[in-house]
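Single-structure report; data block below.
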Amino acid sequence: MAPTPAPPEKLLLTMSGITKLFPGVRALDGVDLEVEAGEVHCLLGQNGAGKSTLIKVLAGAHQPDGGVITWRGEAVTLKSPIAAMRLGIATIYQELDLVEGLTVAENIFLGHEPTTAGFVVRGREARTRATALLKRLGHPEIQAHRPVGSLSAAQQQIVSMARALSHDVRLIVMDEPSAALDPDEVDNLFRIVATLTADGVAVIYISHRLEEIRRIGDRVTVIKDGRTVAVALPAKETPTREVVALMTGRNVEYVFPDRPPATAGAARAEPVLKVEGLARDGEFAPVDLELRPGEIVGLAGLVGSGRSEILETIYGARKATAGRVLVNGTPLRPGSVRAAVRAGLGLAPEERKAQGLLMLESVTRNVSVSSLSRFARAGWLDHTAERTAAREATRELSLRPDNPDARIRTLSGGNQQKAVLARWLLRGCRVLLLDEPTRGVDVGARAELYAVIRRLADEGLAVLLVSSEVPEVLGLADRVLVLREGQVVHRAPAQELDEHRVLDLVMEGSPTS
């Protein structure tokens with residue numbers, strides 16, 4: 001499919017032949033990108049393809065080693081994020097850079113606060129302007145005086161967008177903006193994007209959800225291994241299979257691993273996990289569920305439906321106000337992560353980098369951290385045994401690169417998630433709690449993770465899965481519990497449900513047995 005050329009008078013941004021070198025790595029090797037005023041230009045590529053490096057060059061956070069950046073017809077040098085912002089280029093990163101201890105208004109105007117005589121911050125004006133921006137974004141319920149740390153992930157995303165709009169922006173870069181949003185929030189996001197582009201603002205949109213690209217995008221640029229492999233393809237006309245092949249260098253079928261045939265023995269197996277009347281005031285109503293060895297049970301629902309809260313309460317990270325959790329028939333002490341881990345529970349949390357990984361440590365330490373006592377020798381750690389065990393666990397999951405000494409922060413999202421799973425394999429866990437297991441993971445790595453999860457279940461692990469992507473829940477789970485506003489409204493084998501039925505239930509359903 002031939003690219004769609006942009007008329008010269010409409011070009012807002014051109015990046016030509018951009019290169020960026022890091023010690024031992026050529027992150028960008030001549031990348032080209034052109035963006036028109038008022039368009040949604042989608043930037044695609046697997047994790048590690050160079051997307052993050054490219055947008056950091058555009059944001060002024062990295063200086064390119066070669067190439068030319070042209071902004072509104074003139075060559076520019078973006079020496080800092082402030083320089084980019086002054087030109088009208090704002091970037092909203094996937095890992096939100098908000099200050100949790102500051103209020104919403106303070107975050108929105110951080111660095112360009114309204115002041116009197118350049119000294120005294122006019123707090124009332126900041127709150128008034130922040131409220132207006134939040135209303136423009138369709139979220140007047142977010143109060144300007146609230147601490148950002150008290151907001152949900154979806155609300156924090158909106159605050160980041162308001163901060164971008166607080167400047168005179170002509171181009172907004174959105175890195176995985178829908179990752180923490182439910183379907184209604186995504187619809188609202190797309191409404192906001194449509195409003196912005198109608199005003200002539202351009203949007204560079206980065207997402208692993210290819211269905212979103214077709215829905216919102218105008219044109220697509222694909223990069224692979226630091227090189228441009230397709231420039232400005234028409235987003236709605238280019239077949240998904242072609243886009244996937246460009247990203248991965250191979251065709252990837254969107255299929256989930258086959259479910260094993262149900263057997264009478266498996267159906268009669270005693271539950272390894274039983275949840276009886278578990279509840280937390282204000283978060284979710286009493287819920288009952290059973291999970292048997294080799295079974296995957298999915299929790300489907302919108303953001304705020306209580307899915308993650310149920311997982312965290314089972315794990316002991318939150319203390320239940322009613323009910324109990326039993327592992328192999330033995331009740332767990334409420335609100336005790338230590339008791340849950342000792343009983344054989346493991347959690348892969350939604351916020352992988354903030355809650356699940358030691359980002360400055362090695363792969364070895366991230367895998368062994370829950371099993372360190374196993375390597376204690378007379379008060380000292382046997383680092384050789386620790387490293388050997390971690391390597392065996394990561395090789396079982398085909399983690400790449402096969403280097404236990406690599407820093408976890410240098411790995412792609414998919415391989416970071418494999419490291420979290422390897423941690424619980426090393427610990428010998430019996431029940432694996434997965435919260436958004438493929439968030440921020442590219443197309444090729446998703447297929448690998450799906451295969452890993454199914455294989456672990458086939459080997460006898462019990463899996464409780466939460467995902468915002470209904471097809472993911474239906475494709476992986478054997479049974480599904482549908483949640484709405486903290487209540488289970490439906491239970492069924494996954495094969496008896498489809499995406500439309502689940503969405504109807506989470507939006508309009510009433511509790512059922």
Side-chain angles (χ1 to χ4, degrees), residues 6-16 18 20 31-43 51-64 67-94 96-98 105-115 125-126 129-130 132-138 157-177 189-207 216-219 221 231-232:
E9 65 275 10
K10 291 192 65 178
L11 278 178
L12 180 68
L13 168 75
T14 303
M15 303 179 78
S16 302
I18 303 298
K20 180 62 183 177
V31 173
D32 300 320
L33 175 68
E34 61 172 38
V35 180
E36 298 180 24
E39 78 162 330
V40 178
H41 196 112
C42 299
L43 181 62
K51 303 188 304 297
S52 295
T53 303
L54 184 66
I55 66 174
K56 286 179 180 177
V57 168
L58 179 58
H62 287 332
Q63 299 305 304
V68 176
I69 300 175
T70 302
W71 176 254
R72 305 179 83 169
E74 296 184 5
V76 296
T77 300
L78 304 174
K79 294 183 178 180
S80 69
I82 292 176
M85 186 63 75
R86 285 175 177 167
L87 285 178
I89 302 170
T91 301
I92 303 173
Y93 294 102
Q94 180 181 0
L96 301 179
D97 52 352
L98 300 175
E106 288 167 341
N107 270 278
I108 289 174
F109 293 102
L110 188 62
H112 64 117
E113 298 86 350
T115 59
E125 179 182 340
R129 290 168 58 185
L133 286 169
L134 293 166
K135 185 175 181 180
R136 177 184 175 188
L137 292 172
Q157 178 80 58
I158 299 300
V159 173
S160 286
M161 295 179 65
R163 184 166 67 182
L165 292 177
S166 71
H167 299 268
D168 183 20
V169 293
R170 304 309 304 162
L171 170 64
I172 298 180
V173 181
M174 297 183 177
D175 187 6
E176 297 284 354
L189 170 67
F190 288 177
R191 179 191 62 77
I192 294 166
V193 170
T195 300
L196 292 172
T197 54
D199 291 338
V201 176
V203 173
I204 294 177
Y205 193 93
I206 300 171
S207 177
I216 194 175
D218 295 306
R219 297 190 300 163
T221 289
V231 178

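Using a 4.5 Å cut-off on side-chain heavy atoms (C-beta onward), L13 and L58 make contact. Side-chain contact between I69 and V57 is present, with heavy atoms from C-beta onward closer than 4.5 Å. When side chains are defined from C-beta on, R72 counts as touching L12, because their heavy atoms get closer than 4.5 Å. Annotation: side chain of L87 is not in contact with side chain of L171 (no heavy-atom distance under 4.5 Å). Residues L189 and Q157 form no side-chain contact, since every pair of their non-hydrogen atoms from C-beta on lies 4.5 Å or further apart. L110 has its side chain out of reach of E106: every pair of non-hydrogen atoms, C-beta onward, lies at least 4.5 Å apart. Side-chain atoms of F109 and L133, non-hydrogen and from C-beta on, do get closer than 4.5 Å to each other. Side-chain contact between L78 and W71 is absent, with no heavy atoms from C-beta onward closer than 4.5 Å.
In this structure, the side chain of R191 engages the main chain of L137 through a donor-acceptor pair within 3.5 Å. Side-chain atoms of D218 never come within 3.5 Å of backbone atoms of H41 as a donor-acceptor pair (strictly under, hydrogens ignored).
The two residues Q63 and S80 make their nearest non-hydrogen contact at NE2-N, 4.2 Å. Closest of all the heavy-atom pairs between I108 and H112 is O-NE2, 3.5 Å. P64 and K20 make their closest contact through CA-CD, 4.3 Å (heavy atoms, listed as atom of the first residue, atom of the second, distance). Between P114 and R129 the shortest heavy-atom distance is CB-NH1, 3.7 Å. Looking at every heavy atom in both residues, A202 comes nearest to E36 through CB-O, 3.3 Å. Closest of all the heavy-atom pairs between A164 and A90 is CB-CB, 3.7 Å.
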Inset, instruction - For side chain to side chain contact (heavy atoms under 4.5 Å, CB included), just list the numbers for V203 and I216, CA-CA rounded to whole Å, side-chain angles, deciding distance to a tenth of an Å, and then say yes or no. - result: CA-CA 10 Å; V203 173; I216 194 175; over 6 Å; no
Legend entry - Intermediate values then yes/no, side chain to side chain contact (heavy atoms under 4.5 Å, CB included), L196 and R136: CA-CA 11 Å; L196 292 172; R136 177 184 175 188; 3.5 Å; yes
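Here the CD1 atom belonging to I89 is positioned 11.5 Å from the CD1 atom belonging to I172, to the nearest 0.5 angstrom. M85 CE to T91 OG1: the interatomic distance, rounded to the nearest 0.5 Å, is 7.0 Å.
A salt bridge does not link K10 with E39: every distance from a Lys NZ or Arg NE/NH1/NH2 to an Asp or Glu carboxylate oxygen is 4.0 Å or more.
Of the candidates L33, L54, I204, L33 is the only one forming a side chain to side chain contact (heavy atoms under 4.5 Å, CB included) with T221.
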